[in-house]
2 protein chains.
Amino acid sequence: MDVGSSLQNRVPRKRRKMQRVTMMDVAKLAQVSPSTVSLYLRKPAAVSPAAGQEIARAISTLGYVPNLVAGGLAAASSKVVSIIVPSIRNAFFAETVSTLQSELAAEGLQVILGHSEYGEEQEEALVRTALAWAPAAVVLTGLSHSAETRKLLQASGVPVVEMWEIGGNPIDMAVGFSHPQVGASAARHLLSKGRRSLAFLGARMQEDHRAAKRANGFAEEAKRTGHATCEVINHPGAATVEAGSLLLNRALQQVPNLDAIACSNDLIALGALFECQRQGLAVPDKIAVAGFGDLDFSASCIPSLTTIRPSGDLIGKEVARLILAGIHGAQPTGPSRIIDTGHVLVERRST
Amino acid sequence: MDVGSSLQNRVPRKRRKMQRVTMMDVAKLAQVSPSTVSLYLRKPAAVSPAAGQEIARAISTLGYVPNLVAGGLAAASSKVVSIIVPSIRNAFFAETVSTLQSELAAEGLQVILGHSEYGEEQEEALVRTALAWAPAAVVLTGLSHSAETRKLLQASGVPVVEMWEIGGNPIDMAVGFSHPQVGASAARHLLSKGRRSLAFLGARMQEDHRAAKRANGFAEEAKRTGHATCEVINHPGAATVEAGSLLLNRALQQVPNLDAIACSNDLIALGALFECQRQGLAVPDKIAVAGFGDLDFSASCIPSLTTIRPSGDLIGKEVARLILAGIHGAQPTGPSRIIDTGHVLVERRST
DNA sequence: ATGAAAGCGCTAACAC
DNA sequence: GTGTTAGCGCTTTCAT
């Protein structure tokens, strides 16, 4: 039992930081070399059963927890995936991040989270710190980024996945769907119901480029298909139920004989629904309402809400798949680096 | 200029990993030693203006990004805060995490996220990996954890903040409010409106201990104050609008003359509201409805929802404050390590 | 104010 | 299968 003595020279005369248990301590207790412990930790099958037993015992008696920081430094790539979304308060991104986190955690990857708040400079700063972690991958939202952000990412050589949007050219990989097409789908649906005086209600579209693209797709399809009128109305603040009420009122003022609205978000649609109820406007008889997102309440509100489901879950899964494939060696090239998760129009009572 | 020759021995004959720009490269370009660069990065004022200029120039021409992994290893504590919540899909936690992330990012700290999905074993695993990052702090949700989790955390010496609950004894620090008191507030409010046949509608209370405590507090207050009846009804699945509809129907069956309900979550309350509307039960005349959370829609739904606001934002701010105070040296002791953020009952039309 | 030197705890060749 | 040997890129005394 020479453990005690050898432990002593681990105590320097100066700094004393609670002396974390290291791999070396485990190695000593188990009577093997540190590299064997390291090997055991990464591929248990590669060490002899006997040594494995000893190591396992040592680990548990010492309560050893591997230091991933040191591991990341030595391996020159940390087990971290950095995810940058505009806001985690947004149910869409919360869903994707949640799924992504679970999928990646199952493979031993950690998620580092950042919020850009829809700002490109903020995003750039986040990307900079993200790269400082030598991450296994970085995940960004959308395809619009500052030139510097793209440069940083490209120069880093780190796998990059842009999510929630396709249709431009990605830095590296992309998983998502086309926002103009979502807008067009909504327009076609409303038009097919015989509606002709349309409005698109959106929030924060000066910053949220994806919402703006949905609005454009909607307006263009409305115009293209013929004799419908279409107004796009923006609320500069966040997409909330409250904003939905305000927007509906503005639409009512600006669009004569308004008979249908599409919203950039189900929260806005819900607010519009409430406002219609308050004003005694029958939905869908007088005004048809379509949303986007298929949120929690959309199936159960009154009337139930026709909406477009983007599948944040699926996006999360596909992003995870791409990242894990990259880590496990398979480097997909060509079209498999862009995945279209599509969108589904869910017709309910509100139209 | 002997820079060239010394650069050569950085290129080993074997692995070649895209040769990241290091602090040493910066030092060479700026004609100073690496430690001066390091110093400059941490306290720019401590190096001479001349050297500072050179270093800054070198950094920007090389596009140097410091490696935080290496820094964390050398400094024996990484600039990471690990946050573990039951689910980020839950608007409560999304709000707190969002605030926390912003506050910490402003001080150069990264947030690592984990989801326990309300499972203690899952939480334990997450805590284990969290500690593997030698984090500056770890943030947990609630006060219920496995014994092993507590032990791990205590042994690690890392600052721990438990949030969204107080009233037990925390591992280290706690920021939140008392859930039984929230339940009691709801009960008192309903009682004060003359209601006597009460029900508490909750979801996932077998796992969500905090919701269960709100239910208990509600039931006890109802009984304590006298001649009211109270039934607690649980939906095993997640707290959704859909669940709210189901729960209201069960309450209607189980409680004769039901005249008021309190819900463990505004989503459930919203579902109940919709179901009342569907069944033609006037709210609040026939049934009063109170929620918890003050979510986005609560002020604008019909009728607007009386609810209890827990202030996830404030919790996030206070947690950040505690963590930053710890890092900056000030070690608060005693009662200042437990912060009660309280709760506010927001009375609206539904009661 | 600046630099030299000694690690932080681990991984990954490579030899045995 | 196991141990030896070098680092990974940075921080931090301690001298100068």
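A note on names: the letters A, B, ... follow the listed sequences, proteins ahead of strands, and every chain is numbered from 1.
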> Closest nucleotide of DNA chain C for B:A45 versus for A:L41: which of these residues is on the 5' side?
Replying inline: B:A45
> Does OP1 or OP2 of D:dC10 have a side-chain N or O of B:R42 closer than 4.0 Å?
Replying inline: no
Just the rounded figure in Å: distance from [atom2] of [N] to [atom1] of [X].
| X | N | atom1 | atom2 | result |
| --- | --- | --- | --- | --- |
| B:K43 | C:dT2 | NZ | P | 14 Å |
| A:W133 | D:dC8 | CH2 | P | 19 Å |
| A:L131 | D:dG9 | CG | P | 15 Å |
| B:K28 | D:dG9 | NZ | P | 12 Å |
| A:M23 | C:dG9 | CE | C1' | 8 Å |

Those residues that, when tested against [X], pass side-chain hydrogen bond (donor to acceptor under 3.5 Å, both in side chains) (two or more places apart):
| X | result |
| --- | --- |
| A:S38 | A:R42 |
| B:S87 | none |
| A:T129 | none |
| A:T141 | none |

> In residues 48-56 of chain A, what residues come within less than 4.0 Å of DNA chain D, judged by heavy atoms?
Replying inline: A:S48, A:A51
> Considering only heavy atoms, which members of residues 33-40 of chain A lie under 4.0 Å from some atom of DNA chain C?
Replying inline: A:S35, A:S38
>> Counting only heavy atoms and a strict 4.0 angstrom limit, can you tell me which residues of residues 60-69 of chain A come near DNA chain C?
In response: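 Those residues are A:Y64, A:P66, A:N67.
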Hey, can you pull the donor-acceptor pairs under 3.5 Å for the side chains in residues 93-100 of chain B, sequence neighbours left out?
residue, atom, partner, partner atom, Å
B:T96, OG1, B:F92, O, 3.3
B:T96, OG1, B:W164, NE1, 2.9
B:T96, OG1, B:G312, O, 3.0
B:S98, OG, A:R89, NH1, 2.8
B:S98, OG, A:H115, ND1, 3.3
B:T99, OG1, B:E95, O, 3.0
B:T99, OG1, B:D313, OD1, 2.4

> Between A:P135 and A:A130, which heavy-atom pair has the shortest distance, and what is it?
Replying inline: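 Between these two residues, the closest heavy atoms are CD-O, 3.3 Å.
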> What pairs meet the side-chain hydrogen bond (donor to acceptor under 3.5 Å, both in side chains) rule with one or both residues in residues 45-67 of chain A, with sequence neighbours excluded?
Replying inline: none
Test of understanding: with salt bridge (charged side-chain N to carboxylate O under 4.0 Å, His left out), list the residues that count as partners of [X], not counting sequence neighbours.
| X | value |
| --- | --- |
| B:E103 | none |
| A:E148 | A:R128, A:K151 |
| B:R321 | B:E318 |

> Which of these, A:L140, A:V139, A:L143, A:I339, sits in a side-chain contact (heavy atoms from CB on, under 4.5 Å) with A:M163?
Replying inline: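 The passing option is A:V139.
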